[in-house]
Trainee: 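Please find one structure pasted underneath; my questions will follow.
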Amino acid sequence: MANRFSLAMERTGQWVFSQEISTDIIVEVGEANFCLHKFMLVAKSNHIRKVILDSKETDLTRINLSDIPGGPEIFEKAAKFCYGVNFEITVHNVAALRCAAEYLQMTDKYCDGNLAGRTEDFMSQVALTTLSGALVVLKSCEDLLPMADDLGVVQRCVEIATAKACVEANFPSRSPPNWWTEELTILDITFFERIIASMKARGAKGLTLAGAIITYTERSLRDLVRDHSGNGVRSLDSAESDLRLRQRDILETIVPLLPPEKSAFPINFLCCLLRTAIFLRADGRCKNELEKRVSLILEHVTVDDLLVLSFTYDGERLFDLESVRKIISGFVEREKSVAVFNAGDFKEVCSTAMLRVGKTIDAYLGEIATYADLSISKFNGIANLVPKPARKVDDDLYRAIDIYLKAHPNLDEIEREKVCSVMDPLKLSYEARVHASQNKRLPVQIVLHALYYDQLKLRSGEDDHNTVDAIKTRNQVQADTSLVKENEELRTELLKMKMYIQDIKKGEPTSSKSNAKKTTFFSSMSKTLGKLNPFKHGSKDTLNIEDGMPDLTKPRRRRFSIS
């Protein structure tokens with residue numbers, strides 16, 4: 001810096017001394033001193049004239065202008081203008097010269113063709129005719145606030161840059177088509193925010209805004225967002241350093257700028273933003289907005305995307321997983337609301353999106369289950385967020401549980417039962433039940449459930465692997481039921497016959513006519529019982545018995561007869 005000042009003074013001295021008139025005033029600008037002539041400065045600068053006139057000293061020889069916009073370098077050019085020495089106005093210094101001209105009151109009101117008018121002409125005719133030029137001028141205004149804003153330089157740059165960016169987005173003039181988004185990355189976050197707000201006001205599409213935001217974010221938070229894998233940054237200090245504070249401010253400014261369209265941003269980008277918010281300890285509104293956006297598109301989120309949210313940048317430790325829980329919970333609640341609105345029953349039928357999310361969450365649990373710092377409550381908390389109907393089978397969840405039990409071998413029986421409580425053993429496939437029945441890591445209760453259900457399905461004929469046995473079983477049950485009904489009818493007839501015989505024994509027969517009637521009755525009764533006998537084709541067929549009074553005191557013994 002000192003070398004630059006000495007060179008500036010040396011150059012100034014060369015053209016001042018060339019005037020062959022001794023200097024009569026020293027202008028201090030920071031650490032630089034400029035030996036100049038009062039009459040040359042007063043001719044162009046109303047501010048310097050007032051300072052000299054208002055001074056109590058009769059012969060003022062030194063003034064301090066350290067607060068001039070642009071510092072010594074810009075004052076040097078302003079002084080050259082006063083002396084009529086040519087210098088170059090560029091897109092990099094035109095804003096500073098405009099502010100310096102305002103500060104020194106070098107306007108056309110004081111003197112025709114003054115510095116302020118020259119800078120205005122350059123901006124309108126050269127600097128602000130292209131997108132790149134407007135952005136460079138806007139960038140230079142970062143160190144000229146608030147004067148550059150008060151003079152309208154910032155707003156002019158924003159409006160012109162916005163208009164040209166919208167045109168480039170719709171009708172690219174060069175390749176690649178999104179080259180203009182790279183141009184915006186030179187801006188400070190405050191000016192970038194104004195550009196995006198102005199583009200929204202002009203009706204820019206969500207995808208257009210998203211392209212600019214993604215490029216700017218990946219450039220500004222390169223070490224946090226562009227490393228999508230989460231493994232590239234091995235050691236990042238999360239302390240409240242100036243860098244982290246600046247990054248947090250950028251993130252908290254960018255998130256409210258996100259357009260509302262769900263499909264505007266890649267899922268991985270949103271997940272990386274949320275991980276960055278967790279790492280930088282961004283405020284609650286910033287995190288909540290990102291969690292809401294990820295929740296809206298959860299059905300398209302992959303396991304890898306969820307893993308991005310779960311691990312620190314070294315990939316060795318888990319975050320608290322609270323954001324993952326909120327994302328899943330928000331999606332499930334929204335699905336329930338939709339089901340109720342459509343007059344459906346969420347408990348019976350789940351949408352395709354919910355089924356897809358259920359499989360993703362179970363696979364995600366299997367990935368994080370290996371980490372020792374994952375507690376049972378956090379594991380179960382995430383697993384229980386998925387509604388039961390969203391899992392047609394619990395095979396993926398069983399796999400995650402098995403991995404968790406293997407990675408945590410010191411769990412006692414009660415703790416293992418608690419882990420397994422999120423799973424329904426009766427919803428496992430045949431292969432998973434076979435595996436579970438032989439899995440020594442599972443608690444005994446779960447193994448018994450699996451074995452019992454296999455037996456239950458075998459008996460009911462619902463198991464695909466025992467279809468033939470099930471058909472035989474059903475046929476046998478039907479045959480047994482028919483036989484029971486026939487035996488009940490036979491029992492009823494026998495009881496009626498015994499009661500009739502007891503009535504007969506109470507009185508002797510008095511006529512052959514009555515005997516003939518009795519013989520006829522018993523003969524017909526015997527035939528009736530023979531027809532009802534389910535074993536009439538056996539060796540003891542009662543139809544072959546001759547008509548006559550049977551020996552009622554010692555009835556024939558029949559196989560399977562009812563006594």
Side-chain angles (χ1 to χ4, degrees), residues 1-120 122-123 137 139-154 188:
M1 182 68 71
N3 291 336
R4 262 194 332 203
F5 292 156
S6 61
L7 289 173
M9 287 185 290
E10 182 181 348
R11 291 194 304 269
T12 305
Q14 289 174 356
W15 50 261
V16 169
F17 293 142
S18 66
Q19 307 296 321
E20 298 180 356
I21 301 176
S22 60
T23 60
D24 55 1
I25 192 168
I26 297 175
V27 180
E28 297 177 359
V29 183
E31 298 178 0
N33 295 326
F34 296 89
C35 299
L36 303 170
H37 301 88
K38 290 181 182 178
F39 71 93
M40 297 297 292
L41 298 177
V42 169
K44 297 289 186 182
S45 174
N46 189 39
H47 175 73
I48 294 178
R49 184 183 69 84
K50 288 181 179 180
V51 170
I52 294 174
L53 291 177
D54 295 342
S55 175
K56 296 179 181 180
E57 299 179 24
T58 55
D59 187 15
L60 183 65
T61 58
R62 182 181 292 270
I63 61 175
N64 191 310
L65 300 178
S66 295
D67 53 350
I68 185 174
E73 293 184 4
I74 295 302
F75 176 77
E76 178 196 1
K77 291 179 172 55
K80 283 183 177 181
F81 183 84
C82 293
Y83 279 84
V85 178
N86 288 327
F87 62 92
E88 185 181 10
I89 300 179
T90 67
V91 292
H92 297 281
N93 63 25
V94 65
L97 285 171
R98 176 66 185 89
C99 292
E102 192 70 21
Y103 173 85
L104 294 171
Q105 297 180 17
M106 297 174 66
T107 64
D108 290 346
K109 291 181 181 181
Y110 184 71
C111 175
D112 290 338
N114 216 333
L115 181 61
R118 289 278 301 275
T119 55
E120 286 288 345
F122 181 85
M123 279 195 289
V137 175
K139 172 67 176 177
S140 68
C141 291
E142 293 174 2
D143 300 324
L144 302 172
L145 298 174
M147 182 174 284
D149 211 357
D150 294 339
L151 293 175
V153 176
V154 172
D188 180 79

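Residues: numbered from 1 along the sequence shown. Atom set for the values below is all heavy atoms of this structure, side chains included, hydrogens, waters and symmetry mates excluded.
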Trainee: Within a reach of under 6.0 Å around CZ of Arg118, are more than 12 heavy atoms found that belong to other residues, nucleotides or ligands?
Mentor: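 Counting neighbours around CZ of Arg118, 12 or fewer heavy atoms of other residues, nucleotides or ligands fall under 6.0 Å, so no.
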Trainee: To the nearest 0.5 angstrom, please state how far the CD1 atom of Ile63 sits from the OG atom of Ser55.
Mentor: 9.5 Å
Trainee: Measure the CD1-OG1 distance between Ile52 and Thr61 for me, rounded to the nearest 0.5 Å.
Mentor: 10.5 Å
Trainee: Show the nearest heavy-atom pair for residues Met147 and Cys99, with the distance to one decimal.
Mentor: SD-O, 3.3 Å
Trainee: Which heavy atom of Asp108 sits nearest a heavy atom of Gly113, and at what distance?
Mentor: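 In this case the closest contact between Asp108 and Gly113 is OD1-N, 3.5 Å.
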Trainee: Let me confirm one number: the CD1-CG distance from Ile26 to Asn64, rounded to the nearest 0.5 Å.
Mentor: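 Here the rounded value is 12.0 Å.
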Trainee: For Lys77 versus Glu88, what's the shortest heavy-atom pair and its separation?
Mentor: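 Looking at all heavy atoms of both residues, the shortest contact is CE-O, 4.2 Å.
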Trainee: For the residue pair Asn93 and Glu73, establish whether any side-chain heavy-atom pair is separated by less than 4.5 Å.
Mentor: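 SC-SC contact between Asn93 and Glu73 ruled out.
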Trainee: Testing the basics here: between Ala100 and Ile74, what is the closest heavy-atom pair and its distance to 0.1 Å?
Mentor: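 So the two residues come closest at CB-CG2, 3.5 Å.
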Trainee: Any side chain to side chain donor-acceptor pair (under 3.5 Å) pairs touching residues 94-103, not counting sequence neighbours?
Mentor: Asp67-Tyr103, Arg98-Glu102, Arg98-Glu120
Trainee: Please report the shortest heavy-atom distance between Tyr110 and Asn46, naming the atom on each side.
Mentor: CE1-OD1, 3.3 Å
Trainee: Identify, with sequence neighbours excluded, every residue that meets ring pair (Phe, Tyr, Trp, His ring centres under 6.0 Å) alongside Phe81.
Mentor: none
Trainee: Quick check against the 3.5 Å criterion: does Lys44 have a side-chain atom that pairs as donor or acceptor with the backbone of Ala78?
Mentor: no
Trainee: Kindly compute the distance separating NE2 (His92) from OG (Ser140), expressed to the nearest 0.5 Å.
Mentor: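 With rounding to 0.5 Å, NE2 (His92) is 8.5 Å from OG (Ser140).
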Trainee: If you measure from CD1 on Ile68 to CG on Leu104, what distance do you get to the nearest 0.5 Å?
Mentor: 4.0 Å
Trainee: What residue among Asp188, Asp149, Leu151, Val154 forms side chain to side chain contact (heavy atoms under 4.5 Å, CB included) with Cys141?
Mentor: Val154
Trainee: Would you name the heavy atoms of Leu97 and Leu115 that are closest together and state the gap between them?
Mentor: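 Closest approach of Leu97 to Leu115: O-CD2, 4.1 Å.
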Trainee: Mind checking the CG-CZ spacing from Leu41 to Arg49? Nearest 0.5 Å is all I need.
Mentor: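 With rounding to 0.5 Å, CG (Leu41) is 13.5 Å from CZ (Arg49).
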Trainee: Can you list everything that forms a ring pair (Phe, Tyr, Trp, His ring centres under 6.0 Å) with Phe39? Sequence neighbours excluded, please.
Mentor: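 Phe39 satisfies ring pair (Phe, Tyr, Trp, His ring centres under 6.0 Å) with His37 once adjacent residues are dropped.
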